[in-house]
Asker: 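The structure is given below, and queries will be raised subsequently.
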2 protein chains.
Amino acid sequence: MTGDARLSWQAVQEIVRQRIRQRIWKPGDQIPHEADLAQELGCARATVNRALRGLADAGLLERRRKAGTRVALNPIRRAEFSIPLIREEIENRGERFDFRILTREMRPPPPDIQARLQIGEDAPILYLQTLYMANHMPYVFETRWVNTRAVPAAQEARFDTMSPNEWLVREVAFDGGDFALSAISASTQEAFILGCSAGAGLLALDRTTRNGRQMITSVRLVFHAGYRLHTRA
Amino acid sequence: MTGDARLSWQAVQEIVRQRIRQRIWKPGDQIPHEADLAQELGCARATVNRALRGLADAGLLERRRKAGTRVALNPIRRAEFSIPLIREEIENRGERFDFRILTREMRPPPPDIQARLQIGEDAPILYLQTLYMANHMPYVFETRWVNTRAVPAAQEARFDTMSPNEWLVREVAFDGGDFALSAISASTQEAFILGCSAGAGLLALDRTTRNGRQMITSVRLVFHAGYRLHTRA
DNA sequence: GAGTGGTCTAGACCACGTT
DNA sequence: ACGTGGTCTAGACCACTCT
């Protein structure tokens with residue numbers, strides 16, 4: 001008995017996943033229309049739609065109007081990473097969170113930052129270097145450029161009890177952003193600050209944050225040696 | 001005239017985004033119920049639901065039954081990266097894709113691979129080292145362990161015209177997987193293979209792939225120096 | 001032109017978590 | 001207990017895109 005209760009969209013998803021897994025529907029195959037599936041499974045088309053849309057979002061299916069729905073040839077091409085909130089990440093492990101502002105000055109933006117923040121070379125930009133620590137050990141080294149046209153109050157901010165990131169989060173409404181991950185070899189300065197040997201491979205996360213169409217801030221986080229970023233859940 | 005056509009869920013999303021951006025609804029604030037919003041905006045609750053659910057998925061809102069919907073205190077904690085299909089990535093840039101199998105043998109799995117693939121130490125495991133090239137230059141160095149209990153045919157596969165990854169994608173239905181990103185310092189072997197200096201910082205992507213509850217394969221990709229992984233669109 | 005997914009609606013009931 | 005989001009339904013119309 002598989003039961004005949006009406007199906008939830010999750011149940012429909014699971015059925016479809018199984019058929020793909022068991023190769024009843026093979027990569028590249030077209031699968032039945034929403035209407036047919038709904039009838040076969042005994043639920044509303046909207047339910048099937050919700051299920052299939054989810055699988056398409058996950059990259060398992062490819063859907064196009066008129067052309068129908070096909071099993072993706074190459075699934076798993078997307079991965080969602082949780083971008084850590086440094087303080088949370090550290091405190092959740094029961095370690096002591098701490099930070100130190102190393103540099104704080106107004107500075108003309110270099111060309112790459114001008115491009116990222118979409119500003120001119122004479123725009124007033126706040127430059128910050130911050131070291132975040134877990135149990136007093138270096139954890140992440142942050143280099144940040146803040147567009148003070150977008151956030152004038154940043155020029156007055158003290159950043160003594162609240163880290164630059166936390167301050168910005170409270171002050172302005174973020175809306176979106178772009179990320180890039182890369183590996184770098186530790187410069188002498190980075191090695192000194194993070195307490196690793198010069199040339200060590202370090203994970204670098206670049207992030208630019210937007211509020212509507214206005215660029216707020218551009219950051220590079222350089223993590224301590226050995227740091228790993230995982231897909232969530 | 002803003003018009004009085006009925007709203008799409010995207011339009012509702014944009015309205016909510018604006019209210020958050022303009023701080024009409026501040027981080028931590030509770031926003032109106034779906035029903036109220038639907039009435040205010042003149043659309044069905046399902047439409048509001050779809051819009052708000054999307055924003056919650058994106059991390060901009062936090063929703064809980066009974067407690068209602070709140071503006072997230074810290075948005076943008078998730079980022080979706082497109083995991084490259086090596087061949088596509090290279091050919092899309094108009095470069096020549098190529099690969100070479102460097103090692104191919106049955107080998108007892110080391111403890112970390114045993115754990116990842118959830119197998120015993122005597123399980124039959126295929127070990128593969130492959131170098132992928134763009135325009136004959138080293139691009140990615142892949143180290144792969146294949147659970148031949150799950151994919152017996154892998155023992156016979158030639159991998160002469162089809163890379164191990166492409167072969168596996170055709171042969172078994174993937175269903176999910178876990179990813180981790182880290183930075184490593186190039187070992188002598190890796191430096192030799194990838195044509196960089198020993199100790200250079202390189203981006204490493206570890207991936208374990210599942211079919212239902214059965215673990216199929218575990219891979220480490222080590223990218224050439226300077227490689228960057230971006231959020232998609 | 002016609003077929004398929006995309007979306008909206010109005011109403012209903014359910015499930016969870018707060019109170 | 002009760003309020004809020006979560007989901008399902010049946011039906012309708014729209015929008016894209018393939019032929």
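As the structure is a computational prediction, the values presented were derived from the model and not from experiment. Each chain gets a letter, A, B and so on, in the order its sequence line appears, and its residues count up from 1. What you see below is based on every heavy atom in this structure, not just the backbone, and it leaves out hydrogens, waters and symmetry mates.
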Asker: Looking at C:dT4, does its base get a donor-acceptor pair with the side chain of A:R45 below 3.5 Å?
Answerer: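 Under the 3.5 Å cut-off, the side chain and the base do not form any donor-acceptor pair.
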
Asker: Quick check for you: among D:dC8, D:dT9, C:dG6, whose closest atom lies nearest to any side-chain atom of A:A44?
Answerer: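 Shortest atom-to-atom distance from the side chain points to D:dT9.
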
Asker: Can you find a side-chain donor-acceptor pair between A:Y139 and A:E95 that sits under 3.5 Å?
Answerer: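 No, no side-chain donor-acceptor contact under 3.5 Å.
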
Asker: If you compare all heavy atoms of A:V12 against all heavy atoms of A:C43, which two are closest, and at what distance to 0.1 Å?
Answerer: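 Scanning both residues completely, I find the closest heavy atoms to be CG2-SG, 4.2 Å.
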
Asker: Can a donor-acceptor pair be found between the side chains of B:T217 and B:R144 at a distance below 3.5 Å?
Answerer: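 Distance-only check passes for B:T217 and B:R144.
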
Asker: Categorize B:Q10 for me: base, sugar-phosphate, or nothing, with a 4.0 angstrom heavy-atom threshold over every strand shown.
Answerer: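 Result for B:Q10 = sugar-phosphate.
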
Asker: Could you give the CZ-to-P distance, from B:R53 to C:dT7, as a whole number of Å?
Answerer: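 The answer, rounded to whole Å, is 11 Å.
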
Asker: Side-chain N or O of A:R63 versus OP1/OP2 of C:dG6: is the shortest distance under 4.0 Å?
Answerer: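 Yes, because at least one side-chain N or O of A:R63 sits under 4.0 Å from OP1 or OP2 of C:dG6.
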
Asker: Could you walk me through whether A:L52 and A:E34 pass side-chain contact (heavy atoms from CB on, under 4.5 Å), step by step?
Answerer: CA-CA 8 Å; A:L52 297 188; A:E34 293 186 347; 4.2 Å; yes

Asker: Which letter, B, S or -, goes with each nucleotide of nucleotides 14-19 of chain C from 5' to 3', with contact meaning a protein heavy atom under 4.0 Å?
Answerer: -BBBB-

Asker: I need the CG-P distance between A:L52 and D:dC8, as an integer number of Å.
Answerer: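 Answer to the nearest Å: 13 Å.
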
Asker: How many Å lie between CD on B:Q30 and P on D:dT4, as a whole number?
Answerer: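 In whole Å, D:dT4 P and B:Q30 CD are 8 Å from each other.
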
Asker: Contact class for B:R50 vs. all strands (heavy atom < 4.0 Å): base, sugar-phosphate, or nothing?
Answerer: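 Answer is sugar-phosphate: B:R50 comes under 4.0 Å of backbone atoms only.
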
Asker: Rounded to whole angstroms, how far apart are CG on A:L41 and C1' on D:dT9?
Answerer: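 That distance rounds to 15 Å.
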
Asker: A:L7 versus A:I15: any side-chain heavy-atom pair under 4.5 Å?
Answerer: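 The answer is yes, as the side chains (C-beta and beyond) meet within the 4.5 Å cut-off.
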
Asker: What integer distance in Å separates B:E34:CD from D:dT7:P?
Answerer: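 Roughly 10 Å, once rounded to whole Å.
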
Asker: B:E62 has an atom CD; how far is it from atom P of D:dG6, in whole Å?
Answerer: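 Taking CD of B:E62 and P of D:dG6, I get 13 Å after rounding.
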
Asker: Should the ring pair B:F99 and B:Y132 be called parallel, tilted or perpendicular, given that the plane angle runs from 0 to 90° and is split at 30 and 60?
Answerer: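 B:F99 vs B:Y132 ring planes: tilted.
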
Asker: Near DNA chain D, under 4.0 Å by heavy atom, which residues of residues 11-21 of chain B?
Answerer: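 Per residue number, the list is empty: none.
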
Asker: Is atom CD of B:Q18 surrounded by more than 12 heavy atoms (other residues, nucleotides or ligands) closer than 6.0 Å?
Answerer: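 More than 12 within 6.0 Å, yes.
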
Asker: Out of A:E62, A:R64, A:R63, which one pairs with A:T69 under the side-chain hydrogen bond (donor to acceptor under 3.5 Å, both in side chains) rule?
Answerer: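 Only one option passes, and that is A:R63.
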
Asker: Whether B:T47 contacts C:dT7 is assessed here as follows: a side-chain N or O lying under 4.0 Å from the phosphate OP1 or OP2. Is that the case?
Answerer: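 Indeed not, no polar side-chain atom of B:T47 lies that close.
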
Asker: Could you state the atom-to-atom distance from CG of A:D57 to P of C:dG5 in whole Å?
Answerer: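 So the two atoms are 15 Å apart, to the nearest Å.
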
Asker: Go through C:dG5, D:dT9, C:dT9 for me and flag the one nearest to the B:C43 side chain.
Answerer: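 Closest nucleotide among those given: C:dT9.
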
Asker: Please state how far atom CZ in B:R70 lies from atom P in D:dG5, giving the value in whole angstrom units.
Answerer: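 Whole-Å distance recorded here is 11 Å.
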
Asker: DNA chain C: A:T69 or A:A46, which has the more 5' nearest nucleotide?
Answerer: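 Counting from the 5' end, the first nearest nucleotide belongs to A:T69.
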
Asker: Below the 4.0 Å mark, does D:dG5 have OP1 or OP2 next to a side-chain nitrogen or oxygen of B:N49?
Answerer: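 Answer is no, no contact under 4.0 Å.
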
Asker: Take atom CZ in B:R228; do more than 12 heavy atoms of anything else shown fall under 6.0 Å from it?
Answerer: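 Yes, because the 6.0 Å sphere around CZ of B:R228 holds more than 12 heavy atoms from other groups.
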
Asker: When you compare the side chain of A:R100 with that of A:M133, does any pair of heavy atoms fall below 4.5 Å?
Answerer: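 Yes - at least one pair of side-chain heavy atoms lies under 4.5 Å apart.
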
